[in-house]
Amino acid sequence: MDIKELVLKSSKEQREALLNKEVSAVELVNAVYENISKNDETIGAYLSLTKDNALETAKTVDEKIAKGEELPPLAGIPLALKDNMNLIGSKTTAASKILENFVSPYDATVVTKLKENLIPIIGKTNLDEFAMGSSNENSAYKPVRNPWDTSKVPGGSSGGSAAAVASGEATLALGSDTGGSIRLPASYCGLVGLKPSYGRVSRYGLIAFASSLDQIGPFARTVEDAALLLNAISGHDYHDSTSSDLAVEDYTKGLNNSLKGVKIGYIEELCSEGLAPDVKSSIENSMKKYEELGAELVPISLPLIKYSIAVYYIVATAEASSNLARFDGVRYGYRTKDAQTLIDMYMKTRAEGFGPEVKRRIMLGTYALSSGYYDAYYKKAQQIRRLIKKDFDNAFKQVDVLLSPTCPFTAFKLGEKVSDPLAMYLTDIGTITANLAGLPAMSIPVGLDSTGMPIGLQLLANNFNETKLLNVAHMLEGVVKFDYMRGSLIRA
Ligand code: GLN
């Protein structure tokens, strides 16, 4: 197979070509860099490249292949890393000016695991500053453009990771998801995106946004690839006490289980009103396909969903205001040039270093935590969060998985929502609840709208039921047969 085609395929096909010695891992990595030099000026997926690192790993893979040694399943498969995860010696900016020259002094646990699995890390991908946003327009450096239509956003905040995989600038990627930041870009870019259960993947070395909601997870072109990458990054970590010590299953094991008798609940509040017509028909179509596959569709009402955005913007901003306090001009990155006193230095550093959305969140969060407002906002939000979790617990007594659109609409134009934060916040109406409840959730592509943009279906499962979730996703993938690289610039 031509290497230009091969870089657009799944890891499985790439692995086969590597093991059959049709291409070397170094050639595969170089082909990805060729796509980057051809297209990334337009797409903007990467903030920095880690070429030496990637080529060194690829060389090791080639040596092992030459010697006929056993290789981990994703060895040699090019991966893009969101720039809010530490890779030793690389710049890690979180797309913020305040970390412009910050170089990671250590590896995030996921990065250690990628290295153990001999996965070449191609570079660090663009994002909304500190992962705050839904369109990737909040990056302090440059926006990311959707490879399916470069006048449109790729979704956020892991927009760079999604765009990289969708444009052949990586085969796999890692993103982080606090309220939808893996699933939304996956849905806008026609990819599989998975937010694992809270605690499944270590957060050590991920720049914290909202610690009780953040999870790292995979982007891939196929469900199987996502399962393989989840295998590689999951597990308990001494450095993250919120990581679970539950045994890591082989998430590819259940992929082909029959759906006969499986109960799928469609979330009524998310499947009825306010959907773009093409999204609605695509979701209904998927539901029909599930019935044909033998699953039983059950309506499930989660009335508290209507509070989820309000709850999220209190909990997430409260945690962010605390997490971002460390960026003070003393310990990390940027420091203002002209300050007279210490307080003056703190204030100017933060005023100059943070972008408008980050400042908005810090102010909101500080307000929600301040004495006099704590009970009315933060405490109340935590109480509703608990009730939302209870609603899910009840739902999962009735059904195996839940289904909804990932987003009520498809990717929008750059600039369309930037001046209206509330409209932007509404993009996450479908995704946020999974984070509030800690549940695993994923987006898979199920169709295109009338303008040719991908539509994502969201599936959610009970805590640590990733195997079941991936199975239900995989079975639909098999009948939808989505051409995930159709929108790729390379094919255009
Ligand atoms: N769009 C949401 C926000 O801006 C979610 C971001 C995320 O998941 N990191 O907070």
Side-chain angles (χ1 to χ4, degrees), residues 82-85 94-96 125-140 143-144 153-162 173-189 193-196 198 201 203 206-219 308-321 323-324 354-365 368 381 385 406-409 411-412 416-418 420-443 456 458 460:
K82 189 176 180 179
D83 199 29
N84 60 354
M85 293 176 230
S96 180
T125 54
N126 204 348
L127 63 149
D128 285 300
E129 185 177 357
F130 284 105
M132 297 175 185
S134 300
S135 67
N136 224 121
E137 292 163 292
N138 294 340
S139 165
V144 180
V153 303
S157 65
S158 317
S161 290
L174 287 186
S176 62
D177 190 313
T178 305
S181 278
I182 293 173
R183 289 160 287 158
L184 188 74
S187 129
Y188 283 7
C189 293
L194 167 65
K195 180 200 93 69
Y198 186 78
V201 177
R203 292 179 294 109
L206 166 71
I207 295 176
F209 161 12
S211 311
S212 77
L213 304 163
D214 299 339
Q215 264 298 283
I216 295 170
F219 284 97
S308 59
I309 290 194
V311 168
Y312 172 84
Y313 277 96
I314 289 172
V315 174
T317 59
E319 293 184 22
S321 72
N323 276 327
L324 271 57
F354 288 136
E357 184 60 30
V358 175
K359 286 180 190 158
R360 184 173 12 248
R361 307 257 179 140
I362 292 172
M363 285 189 278
L364 266 172
R385 181 178 184 181
T406 306
C407 182
F409 39 83
F412 45 92
E416 197 179 312
K417 293 187 200 281
V418 267
D420 186 351
L422 280 184
M424 192 69 91
Y425 295 173
L426 278 174
T427 54
D428 299 319
I429 179 83
T431 49
I432 269 174
T433 40
N435 301 75
L436 290 173
L439 305 171
M442 62 192 295
S443 180
Q458 180 180 231
L460 303 96

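Atoms considered below: every heavy atom in the structure, side chains included; atoms not considered: hydrogens, waters and symmetry mates. Both ligands and their constituent atoms are indexed starting at 1 by order of listing.
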Item checked: Sidechain-backbone polar pair: N138 side chain, E129 backbone, donor-acceptor under 3.5 Å ->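 No; judged by distance alone, with no hydrogens or angles, the pair does not exist.
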Next item on the list: Check for a donor-acceptor pair, side chain of N136 on one end and backbone N or O of V153 on the other, with a separation under 3.5 Å.
Entry: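 Not a single qualifying donor-acceptor pair exists.
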Checklist line | Candidates D214, V315, L213 - the one meeting side chain to side chain contact (heavy atoms under 4.5 Å, CB included) with N435 | finding: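 It is L213, the one option of D214, V315, L213 that forms the side chain to side chain contact (heavy atoms under 4.5 Å, CB included) with N435.
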Next item on the list: Identify, by atom number and element, the atoms of ligand 1 in contact range of A131, meaning under 4.0 Å from any of its heavy atoms.
Entry: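 Here the atoms of ligand 1 in question are 6 (C), 7 (C), 9 (N).
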Identity and distance of the protein heavy atom lying nearest [atom]:
| atom | answer |
| --- | --- |
| atom 1 (N) of ligand 1 | D428 OD2, 2.5 Å |
| atom 6 (C) of ligand 1 | S181 OG, 2.9 Å |
| atom 10 (O) of ligand 1 | Y312 OH, 2.6 Å |

Notebook entry, point to check: Heavy atom of R361 under 4.0 Å from ligand 1?
Noted result: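 Yes, R361 has heavy atoms under 4.0 Å from ligand 1.
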Notebook entry, point to check: Is it true that A316 lies under 4.0 Å from ligand 1, counting heavy atoms only?
Noted result: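 In this structure, A316 fails to qualify as a contact of ligand 1 - no heavy atom is under 4.0 Å.
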Item checked: Nearest-0.5 Å distance that lies between atom OH in Y312 and atom CD1 in I429 ->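 If I round to the nearest 0.5 Å, the distance is 13.0 Å.
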Check: Taking both backbone and side-chain atoms of F209, is any N or O found less than 3.5 Å from an N or O belonging to ligand 1?
Finding: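 There is no such contact.
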Check: Is I362 close to F130 at the side-chain level, that is, under 4.5 Å between some pair of heavy atoms?
Finding: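 They are not in contact (no side-chain heavy atoms under 4.5 Å apart), so the answer is no.
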Next item on the list: Evaluate the ring planes of Y425 and Y313, with Trp represented by its six-membered ring, and classify them as parallel (under 30°), tilted (30 to 60°) or perpendicular (over 60°).
Entry: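 Aromatic pair Y425/Y313 classed parallel.
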